[in-house]
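Each chain gets a letter, A, B and so on, in the order its sequence line appears, and its residues count up from 1.
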2 protein chains.
Amino acid sequence: MIIPSSSIEKASDIRRDVFLRKYIYSFDEGDKSMRDLLGGKGSNLAEMTGIGIPVPFGFTITTEVCEYFVSKKAYPEEFAEQLEEKLNLLEIRTGKKLGDSKNPLLVSVRSGAAVSMPGMMDTILNLGLNDETIEGVIANTENARFAYDCYRRFVQMFGNVVLGVSHDLFEEAIEKIKEEKNVKQDTDLTADDLKKLVYDFKEIISKNSDEEFPENPLAQMKLAIEAVFNSWDNDRAKTYRKINNITGLKGTAVNVQSMVFGNMGDDSGTGVAFTRNPSTGAKEFYGEFLMNAQGEDVVAGIRTPSRIEDLKEINEAAYNQLIEIKDNLEKHYKDMQDIEFTIERGNLFLLQTRNGKRTSHAAIKIAVDLVAEGLLSKEEALLKVDAAALSQLLHPQIKKSIERNVIAKGLPASPGAACGKVVFSADDAFSWATEKDEKVILVRKETSPEDIHGMHVAQGILTSRGGMTSHAAVVARGMGKCCVAGCAEVIVNASAKKIIIGDLVINEGDRITLDGGTGEVILGSVELEEPKMSEDFKTIMDWADKVRIMKVRTNADTPKDCQVAIDFGAEGIGLCRTEHMFFDEERIPMVRKMILSKDDETRGKQLKKLKEFQKGDFVEIFKVMEGKPMTIRLLDPPLHEFLPEKEEDIRKLAEDLDTTFEDLKMTISNLHEINPMLGHRGCRLGITFPDIYRMQAQAISEAAIEVSAGGTEVNVEFEIPLVGFDTELKNLKKLVEETILSYGDSVNFNYKIGTMIEVPRACLTANELAKEADFFSFGTNDLTQMTLGFSRDDSGKFLNAYLEKGIFERDPTETIDQAGVGQLMRICIELARKEKPNFEIGICGEHGGDPQSVEFCHKIGLDYVSCSPYRVPVARLAAAQAVLKI
Amino acid sequence: MIIPSSSIEKASDIRRDVFLRKYIYSFDEGDKSMRDLLGGKGSNLAEMTGIGIPVPFGFTITTEVCEYFVSKKAYPEEFAEQLEEKLNLLEIRTGKKLGDSKNPLLVSVRSGAAVSMPGMMDTILNLGLNDETIEGVIANTENARFAYDCYRRFVQMFGNVVLGVSHDLFEEAIEKIKEEKNVKQDTDLTADDLKKLVYDFKEIISKNSDEEFPENPLAQMKLAIEAVFNSWDNDRAKTYRKINNITGLKGTAVNVQSMVFGNMGDDSGTGVAFTRNPSTGAKEFYGEFLMNAQGEDVVAGIRTPSRIEDLKEINEAAYNQLIEIKDNLEKHYKDMQDIEFTIERGNLFLLQTRNGKRTSHAAIKIAVDLVAEGLLSKEEALLKVDAAALSQLLHPQIKKSIERNVIAKGLPASPGAACGKVVFSADDAFSWATEKDEKVILVRKETSPEDIHGMHVAQGILTSRGGMTSHAAVVARGMGKCCVAGCAEVIVNASAKKIIIGDLVINEGDRITLDGGTGEVILGSVELEEPKMSEDFKTIMDWADKVRIMKVRTNADTPKDCQVAIDFGAEGIGLCRTEHMFFDEERIPMVRKMILSKDDETRGKQLKKLKEFQKGDFVEIFKVMEGKPMTIRLLDPPLHEFLPEKEEDIRKLAEDLDTTFEDLKMTISNLHEINPMLGHRGCRLGITFPDIYRMQAQAISEAAIEVSAGGTEVNVEFEIPLVGFDTELKNLKKLVEETILSYGDSVNFNYKIGTMIEVPRACLTANELAKEADFFSFGTNDLTQMTLGFSRDDSGKFLNAYLEKGIFERDPTETIDQAGVGQLMRICIELARKEKPNFEIGICGEHGGDPQSVEFCHKIGLDYVSCSPYRVPVARLAAAQAVLKI
């Protein structure tokens with residue numbers, strides 16, 4: 001060709017732009033910047049074509065045509081001519097002809113707006129088939145069954161999507177023929193059966209539609225294009241746009257693309273490949289193919305595909321072309337690509353390229369490598385790693401290759417995997433693990449603070465109730481322990497020591513495996529693999545730290561957890577829960593005596609003992625923290641959580657307390673609450689039992705004085721929980737401050753006094769609270785529960801239905817509900833910073849480790865996020881990505 | 001006097017206003033408009049003096065002097081001269097002299113800012129007493145004990161308040177002398193004992209203060225004035241101003257007023273009187289007095305006072321003067337007055353006048369009478385009646401004269417009084433009442449919907465848990481039944497069938513009486529009286545209806561309650577709870593079968609039966625309502641509330657359902673929720689069990705069609721409860737709408753579909769919800785609980801402490817928390833009306849019957865309030881008052 005065809009096109013473009021409107025673009029006329037006009041799919045096809053990738057040729061009808069058509073129910077002038085012109089060009093480029101019985105051009109017709117919209121008509125494949133062209137396909141593929149399967153699918157799809165005939169009618173016809181032929185699977189139908197179905201389908205259309213199935217391929221195309229246009233304004237699409245707030249679009253584009261077939265003989269084939277190893281990230285071409293096959297054959301696994309390297313021997317030119325394309329794609333898209341290709345009669349076509357899915361491990365290696373290769377800047381590389389998936393790297397995993405016998409599925413509450421024998425109580429877990437050295441999985445309806453000792457020794461935790469922020473989930477994440485929560489299919493009968501799942505019964509001592517990353521419960525033990533922390537991981541983390549603005553703290557209650565978190569890069573503690581320290585075996589009797597004491601003196605005696613224990617805890621933690629800021633929350637849970645529930649434990653305690661079982665049982669039952677989450681807890685305890693808060697403030701102060709005196713800096717933030725009224729904060733701030741000041745000149749450490757923001761009212765009156773407080777920390781677990789009015793412990797009953805029916809896009813206990821909870825947070829921050837411009841505000845709810853929520857926190861101006869130790873790297877990366885995304 | 005002293009003063013005023021600053025005003029120089037300068041107390045004393053009331057004379061030092069003194073620690077120039085001048089005038093007017101041993105002038109010194117401030121120094125009495133003037137008091141009163149008691153009190157008060165000596169030291173000295181004299185009461189001390197105490201006190205001051213007790217009355221006065229000024233800036237006062245947002249005041253004024261004594265012989269006396277009968281409202285002078293006595297004597301009841309009419313015989317001039325004053329006061333203050341007077345040596349002085357407290361009955365009569373007498377406009381009269389107290393008139397009351405043996409006090413949850421025998425279960429209540437025809441009081445830790453049948457037949461309800469909006473309280477108010485809730489002193493042991501209150505044990509069958517207006521629990525039965533509804537009551541209600549803008553609806557679930565409410569003036573139903581209809585004995589088995597059915601078919605069968613019952617209910621209610629708007633809330637409570645709790649009931653149900661006790665118990669226990677308020681309820685039920693909501697929508701539609709066809713208009717508002725997300729509302733609106741439309745052309749009634757606003761998130765996303773809804777109704781019970789993060793069922797444990805410590809000014813479940821919940825309501829209304837300007841918004845929480853909350857609802861623009869039937873008149877009046885107050 002003397003004058004390349006692309007120049008000719010461009011010249012004619014100029015003419016059109018001046019004199020006429022251009023309604024249709026061939027794939028070689030656009031690029032990805034033309035998304036508004038060509039839609040997402042169309043502009044991508046054009047982009048690929050533009051960089052020289054051999055995409056099956058085709059053209060895109062613009063969104064403007066759709067707009068015109070929808071409003072006027074007609075096409076613009078000149079449209080028909082342009083369509084004919086583009087079609088001619090397509091026939092020339094493919095060497096095929098629409099309606100030709102020897103070498104028929106078959107096309108797909110697809111919708112594609114600027115924003116992906118599942119509400120619209122999607123795809124019609126193999127358009128162009130009719131009773132004549134089918135012969136060409138049979139001849140070319142030498143596969144009549146395949147050809148008729150394409151044909152019947154096309155008629156069915158066309159009948160349903162374009163002509164509006166009910167899907168059920170076609171399915172009934174299939175069922176009928178299967179009955180007649182006495183076969184079970186669609187795949188058991190022969191070419192003749194399918195041929196008969198084509199005619200049955202046409203009859204169904206004839207009876208149930210105003211129009212007959214059009215044999216004329218041009219008529220097929222016209223109707224298909226109009227169906228796409230009309231789908232733009234159907235109810236589903238309108239609702240979808242409304243719900244997703246999609247406005248300002250002109251309409252959908254229509255992509256008409258030639259079909260290619262990998263099953264046209266031994267010089268044809270099809271394959272999938274990754275430009276790098278998606279599992280390890282190694283820079284190696286990785287994929288497989290099948291000759292004389294179509295895409296489904298590779299996926300279905302009926303024939304064993306060959307390794308991509310073997311293509312070289314079969315068709316060296318195609319292989320070399322593929323290698324070149326692979327490199328170009330990586331350069332162009334600056335990322336590892338997942339490609340699908342087809343070879344039709346020796347000619348290579350790319351059907352799809354997209355950024356390839358990969359393991360976290362691979363994601364990190366690829367990102368670091370692409371920077372080294374000069375393809376990406378460090379900032380771009382940071383955005384290539386899925387922060388949420390990072391935590392995969394920090395926990396043991398089920399080996400990829402293992403086949404899983406999944407018996408139930410719950411919420412993926414804490415990542416990692418665990419195998420062990422089923423036990424039904426924390427005590428059993430403890431004794432099995434410590435005395436018999438067994439690996440156990442603790443199975444409970446739900447866990448409570450009383451179960452901590454059992455959770456500590458268990459490999460993993462399975463609960464039938466509770467959500468992503470239930471006690472089990474939160475504590476397990478804190479411990480970096482695998483947990484599947486809210487697994488409603490599982491009926492836990494703890495007294496009979498068995499689990500019932502449908503017909504399956506699992507008894508105490510039976511082995512199960514949990515995958516905390518997927519929520520799967522697996523029967524038996526399967527092999528796990530340990531995590532490896534790579535150099536590349538550290539590199540990515542370093543880059544992230546340089547970019548991010550928000551600090552990352554951790555939620556940790558023990559010196560060990562604090563050390564783990566610091567090793568993961570935590571810059572402080574955002575939430576240290578003091579109550580967890582109360583559950584120690586040695587201490588809980590004192591706690592119980594303290595709670596049940598009838599006079600101040602007895603209570604005082606127990607508190608004095610407890611103080612020494614708490615002081616010891618804080619001394620250890622302060623030493624580990626080495627001056628990093630540390631928010632310590634004063635006692636939060638309702639007191640009845642510390643009391644025994646089981647009859648034998650109550651009996652024992654009654655003896656200890658020198659009272660009767662009946663009396664004690666009644667006292668405990670009187671402390672029971674109907675809605676404990678909204679009960680006598682948090683600062684309400686501090687106000688009704690000031691001695692407890694005073695003891696805690698003393699323990700913290702004395703520990704801080706001791707550690708400071710030893711030369712280690714201490715920065716402590718006293719946190720008052722569950723504040724809703726400034727009067728509460730004033731009252732308790734005074735108590736804490738007076739306690740600290742009672743140490744007079746000994747006070748050698750830095751301290752702040754602030755509050756957790758977890759009650760909606762606190763957000764609404766944040767200006768008043770900010771007057772009193774030195775800092776705020778959003779407790780978004782409780783804030784979410786109160787703002788949305790649902791308890792994480794009870795939401796299991798409807799959460800799945802909500803997610804399935806699309807009432808919730810996401811579980812709001814996992815990702816901050818921005819419109820509700822987020823709005824309260826914004827109000828809070830605005831009111832507080834109006835009062836004190838540089839006021840310190842962080843978040844310590846579980847959302848602090850969720851990347852989307854971290855991004856939101858950055859947007860609204862939080863100073864730090866705090867999350868469980870194992871999510872610290874996730875938060876570090878997410879905080880950096882938040883900076884880069886804005 | 002040729003030139004009256006008041007003219008002289010006025011002339012000198014002019015001079016001062018021009019040349020000098022006027023720092024002190026005698027009582028005859030000011031009026032009530034000078035509050036800023038003279039303080040509240042000073043301007044009132046001036047006002048009374050100004051209208052010719054013989055108030056003991058005195059003067060007021062202005063707030064400007066305080067401001068000057070506080071900032072400069074000195075008095076302005078000329079102040080001393082002005083003080084001397086005013087003091088001279090006071091001596092002339094009283095005929096007494098400061099420091100005179102024969103006829104000493106004694107004064108009180110009181111602080112008094114423009115706003116009442118309990119944080120400041122209050123009062124010093126009998127200033128001017130010293131070792132010389134005491135002799136004059138003894139001679140004049142012929143009562144040495146009285147004189148020395150005044151003296152020792154003065155020294156003590158002065159020592160403590162002015163010189164800062166600890167109160168305890170004085171109390172110790174009193175205890176010591178009581179021990180020495182071997183007496184128990186202060187009143188047992190003799191004149192000599194008290195005389196000795198005076199000297200002991202002076203010694204205490206000498207030892208514990210830099211200054212001696214000043215014998216010089218002028219020095220006493222100077223120090224007292226300065227103490228008042230200094231109290232303006234003490235911590236307590238500053239805190240008080242900060243907490244109560246009091247700003248812009250200059251300082252406090254100081255009132256110096258001459259003391260008068262009613263115990264100066266048989267020509268002296270003292271009394272209290274109401275200008276009208278405070279109990280009935282009758283226009284009759286009503287009071288009593290004692291000659292040769294001081295105020296305490298009248299109150300203490302040691303001597304029997306005489307009726308006010310008898311004063312005529314003793315001192316006709318004073319009596320006539322009192323009658324004249326009484327009439328003037330009513331004319332001036334336009335209200336019934338409560339006055340205190342003293343006659344000193346034949347001269348009448350008024351010590352105080354204030355609007356008199358009265359019963360609701362009297363309040364209404366007085367308000368109507370004052371309009372008839374031309375003293376008040378109707379609007380002014382409406383503001384004179386305490387709306388909250390109106391409900392007193394609608395319930396039986398304990399006879400005023402009855403002595404009460406109060407054994408415990410809980411929350412006054414539902415007004416009225418009730419006597420009966422104690423029973424501990426709803427079943428017992430039911431069988432005792434229906435079979436034995438006994439009057440019973442149902443005593444429970446808390447009630448649940450299962451107890452409804454027992455509550456219905458009980459005279460009153462007593463619970464040991466729960467607040468003003470607990471189940472017991474809400475249901476009792478709805479039934480117009482007396483209830484004392486959250487009575488924490490009471491330990492209910494239902495299994496042993498006894499109540500324990502300290503050492504007292506009350507067994508089943510013992511009689512108690514409840515006062516739901518005060519929260520008192522009384523041992524035994526006491527006499528009750530029936531309410532009388534007066535013509536005046538109707539008059540006031542008529543006036544109120546003409547003034548108010550907001551509509552008043554009622555919360556009612558039965559035709560009977562609806563009729564009661566309409567008789568009380570309800571204009572519609574704001575909340576009809578459909579679940580109460582489920583608890584009927586005949587229906588509950590179907591409800592239970594429906595809930596526990598394992599397949600759709602069984603559920604469908606039960607729902608079909610239930611539909612007929614519900615339809616019948618609605619037919620009856622629609623007939624009663626005669627076209628008034630009626631909001632019907634679809635099923636709200638968690639399903640487990642409908643299931644039995646007791647073992648025997650579970651056994652019975654298991655038999656019915658043909659299942660085992662163990663299985664059923666496990667199923668029920670699996671339905672149990674940890675925080676049921678935040679659980680699987682409201683619209684969450686509608687979404688997970690659409691069949692239930694569909695059944696209810698059918699029942700309502702069919703009933704509406706039937707009643708409409710019978711010629712009675714029907715206006716029904718379908719209400720979806722607990723909505724937090726617009727997607728929830730969309731889903732269920734569609735369900736309801738489709739159900740209604742399935743009746744096609746039969747639909748002959750008016751309907752709206754809307755939602756209750758009770759989840760904080762609903763307020764924050766009200767614009768989205770308003771797009772879908774036809775109306776909103778604030779469910780402030782739950783909205784308060786979620787916004788403040790406390791459950792009404794559990795708040796009993798800390799609510800009292802919160803009220804006592806001033807953390808809460810008011811119980812937010814009684815009166816809307818404006819800063820928190822109210823702010824969310826404002827946000828909601830703004831967002832909704834931006835979307836739809838005339839959008840209908842009401843309130844159906846219990847706050848709808850609380851006058852302060854009603855006023856708030858008017859301010860923020862609600863269309864109606866809805867409350868329990870017996871509070872409808874309260875709401876009508878409060879809504880009118882809200883209009884008049886703005």
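Within a 6.0 Å radius of CD in A/Glu737, more than 12 heavy atoms belonging to other residues, nucleotides or ligands are found. Atom CD of B/Gln818 has more than 12 neighbouring heavy atoms from other residues, nucleotides or ligands inside a 6.0 Å radius. Within 6.0 Å of the CD atom in B/Glu809, the count of heavy atoms belonging to other residues, nucleotides or ligands does not exceed 12. When the shell of 6.0 Å around CD of B/Glu645 is examined, it contains 12 or fewer heavy atoms from other residues, nucleotides or ligands. Around CD of A/Glu830, the count of heavy atoms belonging to other residues, nucleotides or ligands within 6.0 Å does not exceed 12.
The residue among A/Asp726, A/Asp782, A/Leu824, A/Val492 with the most heavy atom pairs within less than 4.5 Å of chain B is A/Leu824. For the set A/Ser795, A/Gly806, A/Ser464, A/Pro760, the count of heavy-atom pairs under 4.5 angstrom toward chain B peaks at A/Pro760. With chain B as partner, the option from A/Thr787, A/Leu678, A/Val821, A/Thr765 having the largest number of non-hydrogen pairs under 4.5 angstrom is A/Leu678. In terms of heavy-atom pairs under 4.5 Å with chain B, the best-connected choice from A/Asp817, A/Leu671, A/Ile491, A/Thr688 is A/Asp817. Put simply, of A/Gly820, A/Ala801, A/Pro638, A/Gly679, the one with the most heavy-atom pairs under 4.5 Å next to chain B is A/Gly820. Note on A/Arg684, A/Met786, A/Glu673: by heavy-atom pairs under 4.5 Å with chain B, the leading option is A/Arg684.
Using a 4.5 Å cut-off between heavy atoms, B/Leu685 does not touch chain A at all. With a 4.5 angstrom heavy-atom cutoff, B/Met666 touches chain A only via side-chain atoms. With a 4.5 angstrom heavy-atom cutoff, B/Arg465 touches chain A only via side-chain atoms. For a residue to count as touching a neighbouring chain, one of its non-hydrogen atoms must lie under 4.5 Å from one of that chain's; by this rule B/Glu446 touches chain A with the side chain only. If you measure heavy-atom distances from B/Lys805 to chain A, the contacts under 4.5 Å come from the side chain alone. Proximity to chain A (any heavy atom under 4.5 Å) is shown, for B/Ala819, by both the backbone and the side chain.
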Inset, instruction - Take A/Ile687 and B/Phe798, measure what side chain to side chain contact (heavy atoms under 4.5 Å, CB included) needs, and give me the verdict at the end. - result: CA-CA 8 Å; A/Ile687 283 167; B/Phe798 56 88; over 6 Å; no
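For A/Ile807 against B/Thr727, the heavy-atom pair with the smallest separation is O-OG1, 2.8 Å. Closest heavy-atom contact between B/Lys797 and A/His672: NZ-O, 3.6 Å. In plain terms, the two heavy atoms of B/Lys445 and A/Ser669 that are nearest each other are NZ-OG, 3.1 Å. Here the closest non-hydrogen pair linking A/Asp794 and B/Asn675 is OD2-N, 2.8 Å.
A distance of 10.0 Å separates CG in B/Leu788 from CG in A/Leu722, rounded to the nearest 0.5 Å. A distance of 13.5 Å separates CZ in A/Arg681 from CZ in B/Phe790, rounded to the nearest 0.5 Å. Rounding to the nearest 0.5 angstrom, the gap separating the CD atom in A/Glu662 from the OG atom in B/Ser495 is 9.5 Å.
The shortest distance between side-chain heavy atoms of A/Ile827 and B/Leu764 falls below 4.5 Å.
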